[in-house]
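Structure first, commentary second.
Source: prediction; values computed, not measured. Indexing begins at 1, ligand by ligand and atom by atom, following the structure's order.
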Amino acid sequence: MIVIMRAGATDQQVDAVREHVTRLELGTIINRGVERTVVAVVGATHPDQRDGLLRLDGVLDVVPISRPYKRASREAKHENTVVTVGDVEIGGPEPVVMAGPCVIESEEQLVSTAKAVKEAGAHILRGGAFKPRSSPYSFRGMGEDGLKLLQVASRETGMPIVTEVMGTQDVDLVARYADVLQVGTRNAQNFLLLDEMGKVGKPVLLKRGFAGTYEDWLLAAEYVMAGGNENVILCERGIRTFETYTRNTLDIAAIPVIHNLSHLPVIADPSHGTGRWELVVPMAMAAVVAGADGLMIEVHPDPDKALSDGAQSLTPENFRRLMDGVRAVAATGRMNRNSVARVAPK
Ligand code: PEP
Ligand code: MN
């Protein structure tokens, strides 16, 4: 349920609503908007509780939240969430670019890539130390040694780090090094891992499951938020369809749809979303025009020799082209996240 306060309701009246809800053993999220304050009531609510809330001073209306995801929904919080990582704002006015190799292979490979992407304008360094690979015989990452190299590259370039955590047993270790913890597509419904992400105290980048609906994805975010972590960044990375030419089908429509349904920022990963490097630049530009709050891009100094995902990795030179394209479309034709939410039907 959402309790809509009258314009000019006092802090005491809002507090009284919060106390009333707490006595019902439910949680509250209080959003003090410019025009009015809205108190979202979360938990197992019952329609009988509406009348008691309506009788409280300062309450204008009490309406149900129709979505199964409460904290993540735009109904509960109209204002956009901006996730801050160091001095980078994800969900702010400019698209944020996270770039780096699929997997960390060596200091030389990582640091040279980090310097190149930073110089081209990337904001956050990506790189996998724990890799989910379809085959157990593929290179599965350097583990903690890879995390240490991320730290070196981060110090050299000043970029914060995003890296994947694959299982609950690695959360503390990865959280010691990472600025943003990534939950991969294969773990998009690993509810025990999502519970841990609720407690981790760092922003979480939550990839869409490759067979996940929007609702599955937002309910995954709800797990993290219900655990106490509101700093969730959603990442559209392509879904599995009948098409085999591309590795996945990047669902560009997901960007305005999620901006409509949720206040959380959404980024796009056209590298995994297409699996083909030559499609990464056009799809990155399309995602930015559709209003993406950022991009995740795989870059390798020599893609032909990459130990993972070379076919979808950009060379540093192609990454510079991508940044030029992104800057051009961001300056002229980017869909505004607020206007998507404003025109959205109820
Ligand atoms: C990745 O970004 O390194 C990755 C493995 O992505 P996904 O989970 O989307 O496949
Ligand atoms: Mn990859």
Side-chain angles (χ1 to χ4, degrees), residues 90 96-105 109-110 113-114 117 122 124-136 138-143 146-147 149-150 161-167 170 174 177-190 193-194 197 203-212 216-217 220-221 232-241 246-251 254-255 258 266-277 279-280 283-284 287 292 294-315 319:
I90 302 145
V96 166
V97 180
M98 310 179 186
C102 178
V103 64
I104 301 151
E105 299 168 7
Q109 171 245 17
L110 183 65
T113 310
V117 299
I124 296 181
L125 176 64
R126 68 146 283 145
F130 294 91
K131 291 301 300 177
R133 301 303 301 271
S134 298
S135 163
S138 301
F139 180 52
R140 293 164 72 181
M142 293 176 71
L147 298 175
L149 294 181
L150 275 174
I161 296 162
V162 55
T163 195
E164 179 162 353
V165 55
M166 271 177 55
D170 297 329
V174 177
Y177 293 90
D179 299 290
V180 178
L181 283 92
Q182 177 173 326
V183 174
T185 195
R186 296 159 186 83
N187 268 320
Q189 286 192 310
N190 179 341
L193 183 61
L194 296 172
M197 292 300 102
V204 174
L205 188 139
L206 185 57
K207 293 233 177 164
R208 179 181 182 181
F210 57 75
D216 291 335
W217 190 15
V232 179
I233 305 150
L234 298 167
C235 179
E236 163 61 40
R237 51 78 69 203
I239 48 175
R240 187 162 284 186
T241 68
T246 43
R247 180 178 179 184
N248 291 289
T249 296
L250 187 71
D251 180 10
I255 297 157
I258 299 294
V266 191
I267 71 162
D269 171 354
S271 305
H272 294 92
T274 64
R276 302 178 73 116
W277 71 268
L279 300 180
V280 171
M283 294 312 274
L295 296 167
M296 174 171 267
I297 306 290
E298 288 187 339
V299 181
H300 194 283
D302 188 355
D304 288 344
K305 298 210 174 68
L307 296 183
S308 176
D309 287 350
Q312 67 193 37
S313 297
L314 297 186
T315 58
F319 180 72

Flag if over 12 foreign heavy atoms under 6.0 Å of CZ, Arg140: no
Exercise: do Arg247 and Gln312 side chains pair donor with acceptor under 3.5 Å: yes
Closest non-hydrogen atom pair, Ile297 against Arg126: O-CD, 3.9 Å
Near the Mn ion (ligand 2) (under 2.8 Å) - protein N, O or S atoms: Cys102 SG, His272 NE2, Glu298 OE2, Asp309 OD2
Polar contact flag, side-chain donor to acceptor under 3.5 angstrom, His272-Asp309: yes
Flag, side chain of Thr274 to backbone of Thr246, donor-acceptor distance under 3.5 Å: no
Flag side-chain contact, heavy atom, 4.5 Å: Pro101 against Glu298: no
Leu206 backbone acceptor or donor facing Trp217 side chain under 3.5 Å: yes
Amino acids contacting ligand 1, non-hydrogen cut-off under 4.0 Å: Arg126, Lys131, Glu164, Gln182, Gly184, Thr185, Arg186, Lys207, Arg237, His272
Side-chain donor/acceptor of Glu236 to backbone N/O of Asp251, under 3.5 Å: yes
Salt bridge flag under 4.0 Å for residues Arg208 and Asp216: no
